[in-house]
Amino acid sequence: EAVRHPLARASAAGGAHLSGRISLREAAGPVFEGLGRLASRRGITLSLALEDDASVRVDPQDLQEMVGNLLENALQWARQQVRVSSETRDGGVLLIIEDDGPGIPRDKLEKVFDPFYRIEESRSRETGGHGLGLSIARTIVQAHGGDITLRNRETGGLGAAISIPLAPETTDERRKR
């Protein structure tokens with residue numbers, strides 16, 4: 001049941017191209033605020049470098065779920081800091097979440113998207129993880145025509161790049177300009 005609801009919502013998100021654009025900063029704001037408090041309690045610095053005009057065509061609840069899952073993972077593994085940034089490019093938005101933790105073994109960078117897969121069982125039990133967060137996040141973003149890629153950073157830690165394409169403007173949006 002914990003899996004079915006977000007995945008069903010994500011698969012229904014195919015109609016997101018019909019909805020208007022939402023501000024990335026505003027829609028994900030509650031997630032940044034709540035997880036920012038968690039980061040602070042853990043002694044981790046959470047820094048946001050989001051473009052003011054970054055907007056996406058994603059259901060706000062889907063965006064919060066996707067960003068929340070990725071940010072929770074980053075905070076779970078970070079040593080001292082997590083950075084969230086955005087770049088508008090090529091007709092879409094690239095949201096980047098980076099931590100300074102241990103990274104992921106190269107051969108596991110895709111495997112971690114498999115449902116119920118966890119790199120470290122004991123650590124997942126401590127945090128209550130079920131190995132579903134990355135799978136759910138990827139399903140949501142792919143339902144919107146984007147994708148998530150993971151890479152180990154040269155300076156240490158992991159970077160998650162979430163690409164969210166912007167669908168063409170609707171007729172109503174063009175009229176408002």
Can you name the residues that form a salt bridge (charged side-chain N to carboxylate O under 4.0 Å, His left out) with E87, not counting sequence neighbours? R89
Can you see which heavy atom on [X] is nearest to which on [Y], and at what distance?
| X | Y | answer |
| --- | --- | --- |
| G145 | P165 | O-CG, 3.2 Å |
| V141 | S163 | CG2-O, 3.6 Å |
| R57 | R21 | NH2-NE, 3.7 Å |
| L71 | F32 | CD2-CD2, 3.8 Å |
| A39 | L75 | CB-CD2, 3.6 Å |
| I97 | A74 | CG2-CB, 3.8 Å |

Under the side-chain hydrogen bond (donor to acceptor under 3.5 Å, both in side chains) test, residues paired with K108 that sit two or more places apart: none
With rounding to the nearest 0.5 Å, note down the distance linking [atom1] in [X] to [atom2] in [Y].
| X | Y | atom1 | atom2 | result |
| --- | --- | --- | --- | --- |
| E26 | L63 | CD | CG | 11.5 Å |
| N69 | I148 | CG | CD1 | 8.5 Å |
| L95 | T88 | CG | OG1 | 10.5 Å |
| I22 | S55 | CD1 | OG | 8.5 Å |
| T139 | H144 | OG1 | NE2 | 11.0 Å |

Are L70 and L94 linked, directly or through other ILVMFWY residues, by side chains that come within less than 4.5 angstrom of each other? no
Tell me, which pairs form a salt bridge (Lys or Arg N to Asp or Glu O under 4.0 Å) where one or both residues lie in residues 70-86, sequence neighbours left out? none
Side chain proximity check, [X] to [Y], heavy atoms < 4.5 angstrom:
| X | Y | value |
| --- | --- | --- |
| V82 | T45 | no |
| D99 | I44 | no |
| I96 | E98 | yes |
| L134 | Y117 | no |
| V58 | L24 | no |
| I164 | M66 | yes |
| L158 | L109 | yes |

Distance-only donor-acceptor check, side chains S23 and R25, under 3.5 Å: no
More than 12 foreign heavy atoms under 6.0 Å from CD of Q142: is that the case here? yes
Check whether any side-chain N or O of D62 sits under 3.5 Å from a backbone N or O of I140 as a donor-acceptor pair, and report yes or no. no
Any sub-3.5 Å donor-acceptor pair from S40's side-chain atoms to G36's backbone N or O? no
Where do F113 and L150 land on the side chain to side chain contact (heavy atoms under 4.5 Å, CB included) test, with the steps shown first? CA-CA 10 Å; F113 288 105; L150 301 177; 3.7 Å; yes
